[in-house]
Amino acid sequence: MPTSLHPFFLLILFISVFSADGIQLIIVNNCNETVWPGILGTAGHPTPNNGGFRLCSGEEAVLQLPNWWSGRIWGRQGCCSDQKTGKFSCQTGDCPGLLQCMGTGGIPPATLVEMTLGTPKSPLHFYDVSLVDGFNLPVSMVPIGGGIGCGVAACEADLNVCCPSNLVVKRQGKVVGCKSACLASKSDRYCCTGGYANTKMCKPTPFGHLFKAICPRAYSYAYDEATGLKMCRAPRYVITFCPPK
């Protein structure tokens, strides 16, 4: 996979220093194939770019978000339009059948970047990379200019190469995703629902332990705040698909 970023990356960072309104997200595709980022604002928050766009290998995009924005971003892969019907679809992260997700989430498995960029009661930003809905692409979220104590949320490894056979998702003979234990079993125990919807009863599964060992800076199960949730207050963040290891 390419490890160098787009040549205008530093220029964008330089220019963005002078932007005081809101928070910037710089989304970088460091994969060796096109990625279609999907975006979904939490209820009551806007969805930038109508929820999705195309990002070729080596390209990047800058999103200007309002203060207190909350939502999620994920990468879709293997997307194309049917030549006969014109319907757009993706092998993973589909939302569904739309280039711009328009307020709908991606179909799991998909690696999620989740964030709440402050609230009226707190200026702190909280964010994470979550494997709770499974995995499809490596991704990281790195703060810029936030100072000491700001964490990096990430799953840089390709979990598809070590996904347990009962969690594998294949398309055209290729492993394109890895289900979470919750998605595969749909049980309260693995989904931390019903009688397991609390920190005392909800514990990481053997699959969660596996994912955590490989991606220690990502959420591996529903109550993984201790190591999965990051905190900062930065003016901008870089979200990179297929980040350098």
Side-chain angles (χ1 to χ4, degrees), residues 23 25 27-28 30 40 42 69-75 93 105-106 108-119 121-164 167 177-185 187-193 195-234 236-245:
I23 296 100
L25 291 185
I27 303 177
V28 179
N30 197 49
L40 177 63
T42 304
W69 188 81
S70 179
R72 60 175 56 180
I73 294 175
W74 68 98
T111 318
L112 301 179
V113 182
E114 304 171 313
M115 67 200 76
T116 295
L117 303 176
T119 69
K121 295 183 179 180
S122 172
L124 291 176
H125 301 166
F126 294 90
Y127 51 98
D128 64 82
V129 167
S130 175
L131 306 175
V132 175
D133 281 350
F135 172 93
N136 68 333
L137 287 171
V139 66
S140 65
M141 181 169 176
V142 180
I144 295 179
I148 298 174
C150 289
V152 173
C155 181
E156 293 113 331
D158 184 0
L159 293 181
N160 289 335
V161 302
C162 59
C163 183
L167 303 181
C178 188
K179 296 179 182 179
S180 64
C182 170
L183 181 62
S185 68
S187 69
D188 287 345
R189 177 186 176 189
Y190 289 142
C191 295
C192 295
T193 53
Y196 291 86
N198 58 75
T199 55
K200 182 178 180 179
M201 296 300 296
C202 178
K203 303 298 180 182
T205 67
F207 305 113
H209 283 301
L210 172 63
F211 294 159
K212 195 68 176 180
I214 300 172
C215 291
R217 296 189 289 185
Y219 249 76
S220 61
Y221 73 107
Y223 290 95
D224 197 14
E225 286 91 350
T227 55
L229 188 63
K230 309 302 177 184
M231 182 174 62
C232 190
R233 190 186 178 188
R236 60 197 61 86
Y237 296 84
V238 178
I239 295 174
T240 305
F241 294 107
C242 304
K245 298 178 183 179

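FYI, side chains are in, hydrogens and waters are out, and symmetry mates aren't considered; it's all heavy atoms of this structure.
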Side-chain contact test, heavy atoms from C-beta onward, threshold under 4.5 Å: evaluate it for [X] versus [Y] and give yes or no.
X      : Y      : answer
Phe241 : Ile27  : yes
Ser220 : Ser180 : no
Trp74  : Leu40  : yes
His125 : Ile23  : yes
Val132 : Leu112 : no

Please report, to 0.1 Å, the donor-acceptor pairs under 3.5 Å made by any side chain of residues 201-214, with sequence neighbours excluded.
| from | atom 1 | to | atom 2 | distance (Å) |
| --- | --- | --- | --- | --- |
| Lys203 | NZ | Thr199 | O | 3.3 |
| Thr205 | OG1 | Phe207 | N | 3.3 |
| Thr205 | OG1 | Gly208 | N | 3.0 |
| Lys212 | NZ | Pro216 | O | 3.3 |
| Lys212 | NZ | Ala218 | O | 2.7 |
| Lys212 | NZ | Asp224 | OD2 | 2.8 |
| Lys212 | NZ | Thr227 | OG1 | 2.7 |

What's the spacing between [X] [atom1] and [Y] [atom2] if we round to 0.5 Å?
X      : Y      : atom1 : atom2 : value
Cys215 : Phe135 : SG    : CZ    : 6.5 Å
Leu137 : Cys155 : CG    : SG    : 10.5 Å
Asp158 : Asn136 : CG    : CG    : 10.0 Å
Leu167 : Asn160 : CG    : CG    : 11.0 Å
Thr42  : Met115 : OG1   : CE    : 9.5 Å
Arg72  : Thr111 : CZ    : OG1   : 12.0 Å

When you look at Val139 and Ile239, which way does the side-chain contact (heavy atoms from CB on, under 4.5 Å) test go after all the steps?
-> CA-CA 7 Å; Val139 66; Ile239 295 174; 3.8 Å; yes
Between Tyr223 (side chain) and Lys200 (backbone), is there a donor-acceptor pair under 3.5 Å?
-> no
Decide if atom CZ of Arg233 counts as having more than 12 heavy atoms of other residues, nucleotides or ligands within a radius under 6.0 Å.
->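 Counting neighbours around CZ of Arg233, 12 or fewer heavy atoms of other residues, nucleotides or ligands fall under 6.0 Å, so no.
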What do you reckon, is OH of Tyr196 surrounded by more than 12 foreign heavy atoms closer than 6.0 Å?
-> no
Measure across [X] and [Y] and return the closest heavy-atom pair with its distance rounded to 0.1 Å.
X      : Y      : result
Asn30  : Cys242 : ND2-O, 2.9 Å
Leu25  : Met141 : CD2-CE, 4.3 Å
Tyr127 : Cys150 : OH-C, 4.2 Å

Going through the checks in order, is the side-chain contact (heavy atoms from CB on, under 4.5 Å) test met by Ser140 and Thr240?
-> CA-CA 5 Å; Ser140 65; Thr240 305; 3.8 Å; yes
Test side chain to side chain contact (heavy atoms under 4.5 Å, CB included) applied to Ala234 - qualifying residues, sequence neighbours left out |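 If we apply the side chain to side chain contact (heavy atoms under 4.5 Å, CB included) test to Ala234, skipping adjacent residues, the hits are Pro143, Cys232, Tyr237.
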Step by step, would you call Glu114 with Phe126 a side-chain contact (heavy atoms from CB on, under 4.5 Å)?
-> CA-CA 8 Å; Glu114 304 171 313; Phe126 294 90; over 6 Å; no
If you measure from the SG of Cys191 to the SG of Cys182, is it under 2.5 Å?
-> yes
